[in-house]
Amino acid sequence: MNETREYDGIRLEKLREHVWEIPQEGGMNAPARVLASEPLLEQIADDRTLQQLKNATHLPGIAKYAVCMPDGHQGYGFPVGGVGATDATDGCISPGAVGYDINCGVRMVRTDLTYDDLEGREEELVDSLFANVPSGLGGGGVVEGDVGTVESVLDRGMDWALEHDYATRDDLAHCEDEGQRTDSRPEFVSQKAKDRGKNQLGSLGSGNHFLEVQRVTDVFDDEVAEAFGLVEEQIVVLIHCGSRGLGHQVCSDYLRRIEREHGDLLDRLPDKELAAAPAGSRLAEEYYGAMCAAINFAWVNRQLITHRTRRVFERVFGEDWEDLGMELLYDVAHNIAKREVHDVNGEDRELFVHRKGATRAFPAGRPEVPRAYRDVGQPVIIPGSMGSGSYVLVGGERSLSETFGSTAHGAGRTMSRTQAKQEFWGETVRDELRDQNAIYVKAQSGATVAEEAPGVYKDVDEVVRVSDELGIGDKVVRTYPVCNIKG
DNA sequence: ATGTGC
């Protein structure tokens with residue numbers, strides 16, 4: 001008899017170390033799995049995550065099992081840190097299982113600088129980044145486009161940035177999907193969404209989005225770190241943001257349309273927030289096209305911020321960005337759905353893989369991995385809090401059989417934003433990080449710093465340990481923050 | 001996450 005746990009009437013069986021299963025019963029179309037150590041499972045069970053995960057298995061055509069990553073927490077309808085793969089022919093697609101911030105994601109830009117080159121100049125660098133990279137709620141971006149510009153960005157993604165000299169060919173090669181979803185259908189993105197996007201091209205936004213200068217403190221795998229161009233004491237830049245108001249509007253628009261046009265399917269699901277469009281329906285095709293367009297918008301957003309960041313480093317360090325070695329290491333999406341073919345019980349099936357707060361983690365050999373990394377596997381970038389630093393992993397051998405080629409995406413919150421503001425005060429958090437940890441934070445709003453205080457996050461080391469031990473994403477390097485700007 | 005509500 002397996003070890004079991006029960007939380008609010010939801011029973012989990014321990015299959016092996018870090019793998020817990022909610023057995024299939026009632027209206028579930030598959031079992032569910034939670035990938036977590038015991039302390040992380042306790043945190044996951046603390047909110048509605050397990051119930052939401054169980055609800056997700058009610059989605060039509062869900063394959064194998066729904067998965068909750070070690071950093072999972074409750075989200076809109078479907079857990080953040082959730083992976084759900086549904087049959088692309090007779091299953092469904094669910095905006096709630098992608099998330100409001102379509103292609104919220106993260107990229108790492110490497111440099112040839114070391115911490116020694118930067119120490120003592122943190123204030124200058126953080127001030128210059130803050131002054132030049134638009135952040136905060138509302139409008140103002142690197143590019144002030146019109147609706148035509150937005151449509152071009154939606155259609156072509158990073159290819160648009162290449163044509164307008166905001167990107168190099170190498171930048172495109174180092175993005176998931178090469179920074180372009182060719183299934184994009186801008187005509188299915190509402191005018192309202194495009195209007196929201198036109199003055200947000202190249203802007204961080206607010207909440208947990210940030211730009212962080214970091215130093216590499218630990219190398220766990222010399223061979224893979226070398227393939228990624230990473231060494232100890234090296235300075236790197238992490239950019240974490242998404243598709244801003246445009247992606248948010250796409251999600252809202254389609255949730256409302258699903259409610260109106262597919263109420264029958266909605267009535268059979270345990271939670272209205274799981275709203276899904278049946279695969280093959282007109283609405284499913286339109287949502288998929290619009291979501292791919294928003295994905296393209298987010299890649300261009302991160303690229304425009306990269307462009308500005310390179311300019312800032314050129315001014316501060318007095319060399320061209322090429323001479324500073326500021327190449328894009330990789331850009332990964334954390335909130336997407338994608339048609340992918342996976343083995344399900346010995347049969348190759350085309351699925352909509354929904355990764356909501358989860359990272360693709362393909363191992364060596366997969367054709368989707370950029371040529372430069374194909375012999376080692378794709379880089380996986382996992383941001384922690386502004387006090388803890390982050391990790392670069394490499395896609396693990398077991399990810400394809402265990403998690404539809406996915407792993408975790410971050411540390412995950414442990415308390416609400418409201419609670420965080422009661423526990424912390426922004427200016428105090430900022431001063432302590434500077435005085436005790438030599439971390440320089442500059443934000444539009446003190447409230448945001450309180451909401452994002454290191455103390456509101458799970459232990460990123462523990463999340464990564466579980467990923468590594470499961471073999472779905474393996475540790476390569478760890479970084480520590482130097483400068484952080486945010487909304 | 002988000003022109004921080006329907």
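In what follows, chains carry the letters A, B, and so on, assigned in the order in which the sequence lines appear, proteins first and then strands, with residues in each chain numbered from 1. This structure is a prediction, so every number in the text was calculated from the model and none was measured.
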Mind checking A:Lys192 for me? I need base, sugar-phosphate or nothing, with any heavy atom below 4.0 Å counting as a touch. base
Please give, in whole Å, the distance from B:dT2 P to A:Leu204 CG? 10 Å
Taking the six-membered ring of A:Phe352 (Phe, Tyr or Trp), confirm whether the NZ or CZ of A:Lys338 is under 6.0 Å from its centre and within 45° of its axis. no
Students often get this wrong, so: under 4.0 angstrom with heavy atoms, is A:Gln200 touching a base, only sugar-phosphate, or nothing? sugar-phosphate
Identify, with sequence neighbours excluded, every residue that meets side-chain hydrogen bond (donor to acceptor under 3.5 Å, both in side chains) alongside A:Glu286. A:Arg257, A:Arg282
By side-chain hydrogen bond (donor to acceptor under 3.5 Å, both in side chains) - contacts of A:Thr57 (at least two apart): none
Residue set satisfying salt bridge (Lys or Arg N to Asp or Glu O under 4.0 Å) with A:Glu285, at least two apart, ordered chain then number -> A:Arg339
Partners meeting side-chain hydrogen bond (donor to acceptor under 3.5 Å, both in side chains) with A:Lys475 (sequence neighbours left out): none
Once you round it to whole Å, what is the distance between C1' of B:dC6 and CZ of A:Arg260? 15 Å
Taking OH from A:Tyr100 and P from B:dT2, how many angstroms apart are they, rounded to a whole number? 13 Å
Without decimals, in angstroms, what is the distance between A:Tyr76 OH and B:dG5 P? 15 Å
Partners meeting side-chain hydrogen bond (donor to acceptor under 3.5 Å, both in side chains) with A:Asp87 (sequence neighbours left out): A:Arg349
Any residue of residues 245-259 of chain A with a heavy atom less than 4.0 Å from an atom of DNA chain B: A:Gly245, A:His248
